[in-house]
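Please read the structure below before turning to the comments.
For this chain, numbers begin at 1 and follow the sequence in order.
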Amino acid sequence: MAKGVNLSRSDLDSSSGSDLSVSSRTSNRSLRVVEKERRKNEAGDPFLLALKYFSEVEAGTPCVGNDVLERNLVQVERVGLSRGLPPEAISVMLDYAMSLRMGGMMCVRVLKFLIPATVVPQEAVVRAVAWLCVSKIAISTQVLFLRWVLTVFDMIDSKDNLRAVYGFIFHFVTEENLSPYICHLLYLLTRRESVRPFRVRKLLDLQTKMGRQPFLLHLLSLYKVFCPELVTLALPSRMRSGFKNHNSTWKAALSAVQKRNNGQVSSDISLTLGVKHKTNSRKRKYHHLEVPSLSSSVQRNSPFSSSRKFFPLEQLHTFPELLDNLHRIELPSQMGSLLGSNLALCYLDYVQDDSAFLRLNFWLGHALHEEFLFCSGDGGSGSSSEALHLLNRLLSTQQFLQEGFSSTEGFLYKFLNVWDGSLLRPQILGLLSDIPVVPSSCINQLLFEPLMQLFFTSTLFFKCSVIDCLNNMLSKWLTWHSVYALEDGLDISLHSHTPMNMTLSGFMDSVVELVHFVGRLSAVGLQLEGCHSLLLSFILDFYETVCDMFLKYGLPLVVMPPVGVFYPALFATDPVSVDRLGYIMYRYKKNLTSAKCQQQETKVFHISRQTYREFNHYLSFMVSCLWNAKMFLPGMAIVVDQELLSLSKVPEPWTSFDLIHHPAFLGYALDFHHKCWPERKEVDLNFIKARKQWDWYLEFLFSQGFQGLRQFVQSNITRRSAAGTNDQGQGDRQPTSS
């Protein structure tokens with residue numbers, strides 16, 4: 001039995017061994033077939049053969065008359081300019097070119113067709129920088145290489161190893177011909193740990209030697225953000241673009257490759273690269289006004305990404321995902337892509353990275369100044385749609401972040417001088433309302449003069465849009481002040497992190513200038529448009545903001561409307577305008593009374609007596625006109641010759657603008673008369689003034705929704721029961737200047 005068992009086991013073992021040997025032979029045969037097929041493909045693929053040639057070619061090989069070199073070079077060049085080169089080919093060709101194995105002429109030729117199809121391996125760029133340090137490469141070739149790096153910077157799969165050789169790159173900043181490109185590259189690579197005292201001193205010495213070059217100032221401004229204690233140089237608050245686009249050599253080819261690959265390229269070069277559809281025009285067109293698609297600067301499948309476990313920005317879809325991956329996200333190299341994602345903006349607002357805002361400002365500055373401000377207006381419908389999309393995204397971004405960008409502000413100041421008032425009007429005015437507080441010394445030149453020219457030569461609807469824009473601007477300024485006033489107090493400078501640092505008095509000067517400017521626009525605009533009720537409505541919106549500056553926003557300032565606004569509103573034919581004027585006067589009284597009490601207690605601020613006199617004058621005239629029926633009488637603000645009044649044949653002209661005969665309320669008075677005395681065929685509105693009918697009429701008016709008129713009457717009129725108009729008197733005319 002045992003022997004039988006042993007035999008059976010041995011048979012089983014031999015059978016199993018034979019099966020394994022058969023499987024092993026089959027597997028080896030498959031591997032040999034695959035390897036043979038691969039070698040066959042390599043042998044038949046001229047592109048792979050060309051790459052193999054350039055990876056194995058020895059230094060010193062002659063290039064003149066070398067047909068093999070020319071054939072392989074043409075093969076790689078054709079692929080690079082048509083489909084783009086894969087990462088392995090980029091590594092091989094860049095190493096071949098920068099090592100100068102066959103001279104500098106080959107290096108220049110290779111760099112010109114080095115078009116990536118997907119990404120650029122950072123190790124290839126690091127090796128090229130190493131060759132830059134040890135090889136005797138011509139300055140012009142070094143410039144070409146740096147321009148290529150800046151062009152494909154957003155396609156480099158990772159930046160950490162490049163930042164590791166930051167010091168080697170910084171070494172070239174003293175080369176006068178290389179300095180603009182080196183500063184640009186350093187600007188993109190700089191992190192807080194990159195800023196060292198000796199580097200700051202080197203840049204300052206270079207600035208002394210070369211002058212205040214924009215590229216040096218921009219790099220120093222970034223250093224100052226990270227380490228303000230090291231950069232003591234006073235930098236201008238507004239600098240023109242310090243870095244230029246260097247992609248002209250590769251622009252058309254990169255765009256063609258991107259279009260051929262149907263957007264599979266994950267970089268953001270679509271921003272800076274575009275294709276000219278019309279070559280017969282020498283005018284500038286929109287080239288890169290599109291908001292680039294969001295993509296992480298670290299590729300997901302790269303070894304660096306897997307080792308550090310980065311979370312790509314483009315895969316953020318929900319807010320919980322953002323919270324779970326806050327410390328695994330790296331901002332993209334192309335900061336313009338953040339405009340397309342609210343989650344990315346949430347992350348930007350959370351990290352509060354000053355360098356990120358600087359980079360985003362740089363992107364916006366180039367897009368708005370170089371490609372929008374100086375482009376031709378006939379860029380086509382596609383260009384207009386791109387500009388519309390960009391400005392809409394910019395508007396929503398600024399509203400989300402609750403602050404504007406300095407590059408947008410600079411663009412607007414320039415664009416207002418060439419704007420026709422119709423191109424992208426809602427977007428331009430929306431951006432204009434977001435600008436931070438402008439110092440009073442330059443607000444007239446930057447803002448008021450170009451707006452005034454447009455306002456007086458425009459349509460009614462544009463005038464309304466401008467008044468609404470300036471109202472929103474004032475509201476944001478006052479809100480900004482009220483927030484920081486709560487933190488810092490009223491008697492010190494405003495918050496140090498605000499867009500423009502200024503004292504409280506400087507802020508008040510700017511607000512006064514803005515309010516007076518809108519007053520002048522409103523008065524002239526109402527004359528030009530015949531006191532149109534729509535324009536008057538927007539103007540009253542503005543003064544509803546102005547009348548509450550003290551109580552609502554904590555600003556110790558009261559500015560009264562000009563006579564060109566007050567009287568048209570009081571004599572308006574629509575009751576809504578008169579009602580809103582009553583509310584505005586009611587709020588003015590509340591603010592002035594509170595300011596007077598606080599002024600007597602604290603002695604901190606002072607409201608001028610002229611302001612009190614203006615208010616008392618308006619209040620007295622309004623009460624006399626609407627309540628006491630003393631219009632056109634001697635001693636009133638508006639005096640009309642009695643002979644002229646008699647020629648008008650208007651009975652009792654002094655009652656023409658009281659609450660019964662006022663054109664805005666005459667219809668309500670007739671309706672009330674009909675309801676009270678339906679049997680009477682003759683209409684005599686004087687019956688309304690008798691006894692209790694007057695109180696009933698007031699309640700009837702108030703029931704129609706005229707709450708502003710109710711508040712005005714209750715705060716300024718002493719009502720006596722069972723009395724007529726002659727017994728109604730003006731109440732307390734406080735506040736009065738002591």
Minimum-distance pair of heavy atoms, taken over all atoms of [X] and [Y]:
X      : Y      : value
Leu254 : Pro116 : CD2-CD, 3.9 Å
Leu222 : Tyr187 : CD2-O, 3.4 Å
Pro436 : Glu409 : CG-OE1, 3.4 Å
Ala367 : Leu390 : CB-CD2, 4.4 Å
Arg393 : Ser341 : NH2-N, 3.9 Å
Phe226 : Arg192 : O-NH1, 2.8 Å

May I ask you to say whether [X] pairs ionically with [Y], meaning some side-chain N is under 4.0 Å from a carboxylate O?
X      : Y      : answer
Lys202 : Asp205 : no
Glu77  : Arg71  : no
Lys159 : Asp154 : no

Do [X] and [Y] come within less than 4.5 Å of each other through their side chains, counting heavy atoms only?
X      : Y      : value
Leu401 : Phe357 : yes
Val173 : Leu178 : no
Leu203 : Phe198 : no
Lys112 : Trp148 : no
Asp157 : Thr118 : no
Gln142 : Leu132 : yes
Leu69  : Val57  : no
Thr397 : Leu338 : no

query: Would Asn161 and Val165 count as a side chain to side chain contact (heavy atoms under 4.5 Å, CB included) if you check the C-alpha gap in whole Å, the side-chain angles of each, and the deciding distance to 0.1 Å?
result: CA-CA 7 Å; Asn161 290 347; Val165 295; over 6 Å; no

Supply the atom-to-atom distance [X] [atom1] to [Y] [atom2], rounded to the nearest 0.5 angstrom.
X      : Y      : atom1 : atom2 : answer
Thr141 : Met105 : OG1   : CE    : 10.5 Å
Ile115 : Thr151 : CD1   : OG1   : 8.5 Å
Leu73  : Met106 : CG    : CE    : 6.0 Å
Leu391 : Ile428 : CG    : CD1   : 5.5 Å
Lys224 : Leu230 : NZ    : CG    : 11.5 Å
Glu123 : Ser158 : CD    : OG    : 9.0 Å

Is there a donor-acceptor pair closer than 3.5 Å between any side-chain N or O of [X] and the backbone N or O of [Y]?
X      : Y      : value
Arg201 : Arg196 : no
Trp131 : Ile137 : no
Asn72  : Val68  : yes
Ser194 : Arg191 : yes
Thr208 : Leu204 : yes
Glu321 : His317 : yes
Thr408 : Gly404 : no

- prompt: Should the pair Tyr347 and Tyr350 be assigned to parallel (<30°), tilted (30 to 60°) or perpendicular (>60°) ring geometry?
  reply: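 Judged by the thresholds at 30° and 60°, the geometry between Tyr347 and Tyr350 is tilted.
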
- request: Could you verify whether a donor N or O on one side chain and an acceptor N or O on the other, from Gln398 and Asp434, lie under 3.5 Å apart?
  value: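 Distance-only check passes for Gln398 and Asp434.
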
message: Does either side chain, that of Thr190 or that of Tyr166, offer a donor lying less than 3.5 Å from an acceptor on the other one?
response: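 Their side chains do contain a donor-acceptor pair, which is all the 3.5 Å distance test asks for.
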
task: Take atom CD of Glu58 as the centre, draw a 6.0 Å sphere, and report whether it contains more than 12 heavy atoms from other residues, nucleotides or ligands.
output: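 Result for CD/Glu58: open.
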
Qualifying residues under side-chain contact (heavy atoms from CB on, under 4.5 Å), relative to Asp420, sequence neighbours excluded: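 Expected list: Ser422, Leu423.
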
query: Out of Val108, Ile139, Val149, which residue meets the side chain to side chain contact (heavy atoms under 4.5 Å, CB included) rule with Leu144?
result: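 Option passing the side chain to side chain contact (heavy atoms under 4.5 Å, CB included) with Leu144: Val108.
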
message: According to side-chain hydrogen bond (donor to acceptor under 3.5 Å, both in side chains), who are the partners of Ser407, at least two apart in sequence or on a separate chain?
response: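 Partners of Ser407 under the side-chain hydrogen bond (donor to acceptor under 3.5 Å, both in side chains) test: Asn361.
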
message: Does Phe215 form a side chain to side chain contact (heavy atoms under 4.5 Å, CB included) with His184? I'd like the steps, not just the answer.
response: CA-CA 7 Å; Phe215 50 86; His184 193 173; over 6 Å; no

message: Would Cys183 and His218 count as a side chain to side chain contact (heavy atoms under 4.5 Å, CB included) here? Give the steps.
response: CA-CA 8 Å; Cys183 287; His218 272 273; over 6 Å; no

- request: Quick one: do Val120 and Phe153 satisfy side chain to side chain contact (heavy atoms under 4.5 Å, CB included)? Show the steps, please.
  value: CA-CA 8 Å; Val120 176; Phe153 185 84; over 6 Å; no

task: Would you list the pairs meeting side chain to side chain donor-acceptor pair (under 3.5 Å) in which at least one residue belongs to residues 169-180, sequence neighbours left out?
output: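 Every candidate side chain to side chain donor-acceptor pair (under 3.5 Å) pair involving residues 169-180 fails, so no pair, neighbours aside, qualifies.
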
